[in-house]
Amino acid sequence: MPTELILPLDVPTREAARPLLKQLSGTVPWMKVGLQMFTAFGTDWVREVADHGYKVFLDLKLHDIPNTVAKTVESLAPLPINMLTIHTSGGHSMVSAACAAQRETRPDLLLLGVTVLTSINAEELHGVGCPESPAIQVARLARMGNNAGLLGFVCSPLEVGALRDELPGKVQLVTPGVRPIGADHGDQARVMTPADAARAGSTHIVVGRPITQAPDPLAAAQAIIAELATA
Ligand code: C5P
């Protein structure tokens, strides 16, 4: 199965998002709706995105006590979403309760675990009481999350190789921090090209600004998809 492209809808308004939804429909298979748009426009917006024919990745990074996260997964289950994120750092009980709720209500929904946010460096990790390096903590949380039932994770493309060694082959790995050759890196410090991320083992890549800020977003998306097909 070729690695699939996910576009994050990191825009403040529906008016800014709608032309992209129209233009990329039929080419880009996935749209990621994050906290910004979900908080402002809610479940109706998720339905509108799905109505354009996209698979929807709802990136809410849930993190609370097990019962609350499980009930939230149940509340989200009727929505036309295909991926949903939770924080693995919520612990084994929380992850396992979320997975049980997902299996019960939406067996086809892929729950993804976020390990260590890429904005957190070693110093910040120490500040929240974890003496390990981010790489060790990512591997530990991914192992724990998989033992608790998660079959997918979000990670940096630079972590994909290590996680592939840790986790069963069927696990899906979704990676932001991907930039085509020649594209502006923006605030992404450590990046890989789409083809390299695919070869390293990413099943899905998240690429935003190189598409949304391109003079021709459709052509930019098509070029990335063509590159993925060669990997
Ligand atoms: O525009 P760009 O391609 O950098 O967008 C990447 C998307 O992936 C953004 O929505 C960003 O918040 C998200 N993301 C990330 N790095 C992570 C997790 C999520 O860039 N580690």
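We count ligands from 1, going down the list as the structure has it; atoms in each ligand are counted the same way. Note: hydrogens, waters and symmetry copies are ignored here, and every other heavy atom, side chains too, is used.
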ask   = Heavy-atom count around Glu104 CD within 6.0 Å, excluding the residue itself: above 12?
value = no
Within the protein, residues bringing a heavy atom under 4.0 Å of ligand 1, chain by chain = Pro8, Asp10, Lys32, Thr118, Pro176, Arg179, Gln188, Val206, Val207, Gly208, Arg209
query = So with a 6.0 Å cut-off around NZ of Lys71, is the heavy-atom count from everything else above 12?
reply = no
ask   = Does a sphere of radius 6.0 Å around CD in Glu123 hold more than 12 heavy atoms from other residues, nucleotides or ligands, not counting ones at 6.0 Å or beyond?
value = no
key: Lys32 side, atom NZ; Asp59 side, atom CG - distance, nearest 0.5 Å   = 4.0 Å
task = Please confirm whether the backbone N or O of Leu60 pairs with a side-chain atom of Thr85, one donor and one acceptor, at under 3.5 Å?
result = yes
key: pair Arg164-Leu173: side-chain heavy atoms closer than 4.5 Å   = yes
